[in-house]
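One structure is given here, and the rest of the page talks about it.
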Amino acid sequence: MVYEIVYFDAFPGKAEVLKLIAETGSVPYVFKGINKEEWPQHKPNARYGQLPFLNVNENFTLYQTIAIARFLAQEGGLYPTDKLQAATSEEYVTSLEELLTKFVKAAWLTPEDKKAEELKLFNEGPLKTVFGVFDKVLESKDGYLIENGKLTWADLYFFDWSYLIEQNGGDISPFTNISKLRDNVKSNEKAKAYLESDRSKRKL
């Protein structure tokens, strides 16, 4: 079965982590991009009036980024089978989504004359808290969030979001163990092939 990931085609947003999970887990998919001119036609039919969504089959469509990521991770063997590890991965991914919401507000929804101040508050507050927690975990597990030597959807989530935040005004320089995570992801042949391909819009 080939799944269809649907998202905006103009920029590297939330679809990138979904594609990364699918590619790393060898989950067959196609990407359907929607441009801003087409979106008003599609929006009334989207369950929550937003993207992304995943067309699973002609009778089932899944919405919400975390739910889609979890589904793809389970399909690709990237979701922990141990209950405590699975719960921890959910905690980490949820923390990243909450952090991203705050980052979007600071980086894109703040007036230009106040953006520098808002990004400074973000870097010194929410980013420092969440990335600080993850940085310590990465240090203790040699660059992995859940299990030393094994990539999970939480690792890929953090990998993708770390670049999104860094490339748009977030200061991740204090968190030195992120480089270990990035090396671990890039050393995975399937992830590496995807990240170096034209299919990836997250230019590293």
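In this text the structure is predicted, and so the values were computed from the model without any measurement.
To the nearest 0.5 Å, atoms CD1 (Ile146) and OG1 (Thr152) are separated by 4.5 Å. Interatomic distance, Leu204 CG to Asp160 CG, rounded to the nearest 0.5 Å: 8.5 Å. Asn188 contributes atom CG, which lies 13.0 Å from atom CG of Asp183 (distance to the nearest 0.5 angstrom). Going from atom OG of Ser200 over to atom CD of Glu23 covers 9.0 Å, rounded to the nearest 0.5 Å. Remark: Glu139 CD to Ile178 CD1 distance equals 12.5 Å, nearest 0.5 Å.
Salt-bridge formation is not detected for the pair Lys105/Glu118: no Lys NZ or Arg NE/NH1/NH2 atom is positioned less than 4.0 Å from an Asp or Glu carboxylate oxygen. Using a cutoff of 4.0 Å between basic side-chain nitrogens and carboxylate oxygens, Glu38 and Lys32 are not scored as salt-bridged.
Ile21 has its side chain out of reach of Tyr29: every pair of non-hydrogen atoms, C-beta onward, lies at least 4.5 Å apart. Trp153 places a side-chain heavy atom less than 4.5 Å from the side chain of Ile66. Side-chain atoms of Leu195 and Leu20, non-hydrogen and from C-beta on, do get closer than 4.5 Å to each other. Proximity of Phe71 to Val56: side-chain heavy atoms (C-beta onward) are separated by under 4.5 Å at one or more points. Looking at heavy atoms from C-beta onward, Leu78 lies in side-chain contact with Leu156 at the 4.5 angstrom threshold. Residues Arg70 and Val93 have side chains not in contact (no heavy-atom distance under 4.5 Å, counting atoms from C-beta outward). Contact check for Leu100 versus Val104: side-chain heavy atoms found under the 4.5 Å cut-off. Side chains of Phe134 and Ser162 form no contact here, defined as non-hydrogen atoms less than 4.5 Å apart.
Contact detail for Trp39 and Ala46: the closest heavy-atom pair is CH2-CB, 4.1 Å. Between Ala69 and Tyr157, the closest heavy-atom pair is CB-CE1, 3.6 Å. The two residues Pro52 and Ile68 come nearest to each other via the heavy atoms O-CD1, 3.9 Å.
With hydrogens and angles left out, the side-chain atoms of Thr61 and Arg47 include no donor and acceptor closer than 3.5 Å.
At least one donor-acceptor pair closer than 3.5 Å links the side chain of Asn184 to the backbone N or O of Asp142. Without hydrogens or angle criteria, Gln167 side chain to Lys203 main chain gives a donor-acceptor distance under 3.5 Å. A side-chain donor-acceptor contact under 3.5 Å links Asp155 to the backbone of Leu145. Remark: side-chain polar atoms of Asn57 are paired, donor with acceptor, to backbone N or O of Phe60 under 3.5 angstrom. Side-chain atoms of Ser179 come within 3.5 Å of backbone N or O of Thr176 as a donor-acceptor pair.
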Would you mind writing out the side-chain donor-acceptor pairs for residues 4-18 within the sub-3.5 Å range, not counting sequence neighbours?
{"unit_1": "Glu4", "atom_1": "OE1", "unit_2": "Asn55", "atom_2": "ND2", "d": "2.5"}
{"unit_1": "Tyr7", "atom_1": "OH", "unit_2": "Lys14", "atom_2": "N", "d": "3.3"}
{"unit_1": "Lys14", "atom_1": "NZ", "unit_2": "Glu97", "atom_2": "OE1", "d": "3.3"}
{"unit_1": "Glu16", "atom_1": "OE1", "unit_2": "Tyr194", "atom_2": "OH", "d": "3.2"}
{"unit_1": "Glu16", "atom_1": "OE1", "unit_2": "Lys201", "atom_2": "N", "d": "2.9"}
{"unit_1": "Glu16", "atom_1": "OE2", "unit_2": "Lys19", "atom_2": "NZ", "d": "3.0"}

Donor-acceptor pairs under 3.5 angstrom involving side-chain atoms of residues 121-130: please list them, not counting sequence neighbours.
{"unit_1": "Asn123", "atom_1": "OD1", "unit_2": "Asp171", "atom_2": "N", "d": "3.0"}
{"unit_1": "Asn123", "atom_1": "ND2", "unit_2": "Leu119", "atom_2": "O", "d": "3.2"}
{"unit_1": "Glu124", "atom_1": "OE1", "unit_2": "Lys120", "atom_2": "NZ", "d": "3.3"}
{"unit_1": "Glu124", "atom_1": "OE2", "unit_2": "Lys120", "atom_2": "NZ", "d": "3.0"}
{"unit_1": "Thr129", "atom_1": "OG1", "unit_2": "Gly125", "atom_2": "O", "d": "3.1"}

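Applying ring-ring contact (aromatic ring centres under 6.0 Å, His included) to Phe131 and the options Phe158, Phe103, Trp161, Tyr92 leaves one that passes, Phe158.
By the rule that hydrophobic residues join a cluster once side-chain heavy atoms approach within less than 4.5 Å of another member, Leu72 and Met1 end up as members of one cluster. In this structure, Leu51 is a member of the same hydrophobic cluster as Tyr48, with clusters built from ILVMFWY side-chain heavy atoms closer than 4.5 Å.
Cation-pi geometry between Arg202 and Phe159 is not met at under 6.0 angstrom from the ring centre and within 45 degrees of the axis.
For Thr110, the side-chain hydrogen bond (donor to acceptor under 3.5 Å, both in side chains) criterion is met by no residue, not counting sequence neighbours.
Note on ring orientation: taking the six-membered ring where Trp is involved, the planes of Phe53 and Tyr63 are tilted (angle from 30° to 60°).
Summarising the local packing, CD of Glu37 is surrounded by more than 12 heavy atoms from other residues, nucleotides or ligands at distances under 6.0 Å.
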Carefully, step by step, assess Lys115 and Glu112 under the rule salt bridge (charged side-chain N to carboxylate O under 4.0 Å, His left out). CA-CA 5 Å; Lys115 184 177 293 187; Glu112 201 63 37; 3.4 Å; yes
